[in-house]
Number of protein chains: 2
Amino acid sequence: MTHATAAFPESRHDHADCVERTLAAAERICRDRQARLTPQRRRVLEVLLADHVAVGAYEIADRLAENGRRPAPTIIYRALDFLIEVGLVHRLASLNAFIACGHPGSAHGAQFLICNGCGLVAEISDPRLAGAVAEAARRVDFAVLRPIVEITGRCPACRPGLRGRGDA
Amino acid sequence: MTHATAAFPESRHDHADCVERTLAAAERICRDRQARLTPQRRRVLEVLLADHVAVGAYEIADRLAENGRRPAPTIIYRALDFLIEVGLVHRLASLNAFIACGHPGSAHGAQFLICNGCGLVAEISDPRLAGAVAEAARRVDFAVLRPIVEITGRCPACRPGLRGRGDA
DNA sequence: GGCTGGTATGTAACGGTATAACATTTCGAA
DNA sequence: TTCGAAATGTTATACCGTTACATACCAGCC
């Protein structure tokens, strides 16, 4: 619901369109992989798509409770496991929470910028950052399986003073 | 003293010496900052120094229980908060666990390589990686407060086949 | 149709992680 | 020595995630 400003990626877009396109992509991806995007799983995804903020599993359950019974944690975690597996959702380790993938479909290493003001999470896919991770690991002969990059800070809109300045 | 498994830092060192030097550094750092490294806090640090593996708060409590009563979680978390505050301990978000800082004293951005074979954690401080994080954030005008980089994978010793190959 | 097996969902209980709220003790400085 | 701040102790509780087991759904096949 909230829209931030300037360069922070998830800003000021047509969010209804954003949701719709992501859901369409989700349907397509699941069809391609012969995975079933059941109503349950879809509802969980929709909760995560509601805004670009990370949501905990229990919070997801609460939101689903608004129309019907509150699903047990297991239900939510199973749906999340599925959605993560097919690449539609990411887990944020530093928040113990989940967020819809910003660009599903394209295989990508993702990094996250987490605003501790408004809670907005920007997913970026920075090749140089990914490269630096790979290089650092290579240097010590470490085989990377799962690189986690979660940067907590302040998005442009939540910084008092210099507002609306983006520089790239 | 060569490090056997090539570059993965925490290999085959004189660990008794490692512990002793870190504790000495801890004493010095706390004195300098007029912070009190009380017996309780020191014991928690000692548990974390026992090996280069991340340990959860409850596990720390268990280990402390071996000589005396098991401290309540609060006790442990308070000690950890202190140790983190003065830079002697890091928290690993992806494991919900804690590890002694590899080079306390020097202000440093740290990144972690976590072996999912043996559990060893290597703390590195790679300026290029830190720089890539800073640059990625700058590009979208994001003010970094707390960059988390935790790379799960396999250390050289835990990789079957190609052993002892380090290339930097 | 009615099996049959795999996938998905439902239910209950529990274990691990972390904090809140409040009481007590310790310690250093006035 | 008294006083306030820091540290510790105790209890309860909230939040995150999994285990174990039961049931329902949905093919493909006889």
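A note on names: the letters A, B, ... follow the listed sequences, proteins ahead of strands, and every chain is numbered from 1.
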What is the distance from [atom1] of [X] to [atom2] of [N], rounded to the nearest Å?
| X | N | atom1 | atom2 | answer |
| --- | --- | --- | --- | --- |
| Ile75(B) | dT17(C) | CD1 | P | 18 Å |
| Glu85(A) | dA8(C) | CD | P | 11 Å |
| Arg42(B) | dA7(D) | CZ | P | 17 Å |
| Arg70(A) | dT9(C) | CZ | P | 18 Å |
| Leu92(B) | dA18(C) | CG | P | 11 Å |
| Leu37(A) | dC26(D) | CG | P | 15 Å |
| Leu80(A) | dT9(C) | CG | C1' | 15 Å |
| Gln40(A) | dT11(C) | CD | C1' | 13 Å |

Taking only residues two or more places apart in sequence, or in another chain, which ones meet [X] in a side chain to side chain contact (heavy atoms under 4.5 Å, CB included)?
| X | answer |
| --- | --- |
| Asp81(A) | none |
| Arg63(A) | Val47(A), Val55(A), Glu59(A) |
| Ala100(A) | Leu45(A), Leu48(A), Leu49(A) |
| Thr74(A) | Arg78(A) |

Determine, stepwise, if the pair His90(B) / Phe112(B) fulfils ring-ring contact (aromatic ring centres under 6.0 Å, His included).
-> CA-CA 10 Å; His90(B) 298 288; Phe112(B) 301 92; 5.2 Å; yes
Reading nucleotides 24-30 of chain C from the 5' end, what letters show protein touch, with B for base, S for backbone sugar-phosphate only, - for no heavy atom under 4.0 Å?
-> ---S---
Going 5' to 3' along nucleotides 14-19 of chain D, which nucleotides have protein heavy atoms under 4.0 Å from the base (write B), which only from the sugar-phosphate (write S), and which from neither (write -)?
-> --BBBB
Which residues share a salt bridge (Lys or Arg N to Asp or Glu O under 4.0 Å) with [X], sequence neighbours left out:
| X | result |
| --- | --- |
| Arg70(B) | Asp62(B) |
| Glu46(A) | Arg42(A) |
| Asp51(B) | none |
| Asp17(A) | Arg21(A) |

Applying the 4.5 Å side-chain criterion to the ILVMFWY set and letting contacts propagate, would Ile124(A) and Val149(B) be lumped into a single cluster?
-> yes
Hey, does the side chain of Arg69(B) come within less than 4.0 Å of dG9(D)'s phosphate (OP1/OP2), counting only N and O?
-> no
Any N/O pairs under 3.5 Å between the protein and nucleotides 21-24 of chain D? List them or say none.
none

Remaining members of hydrophobic cluster (4.5 Å side-chain criterion), Ile75(B) | none
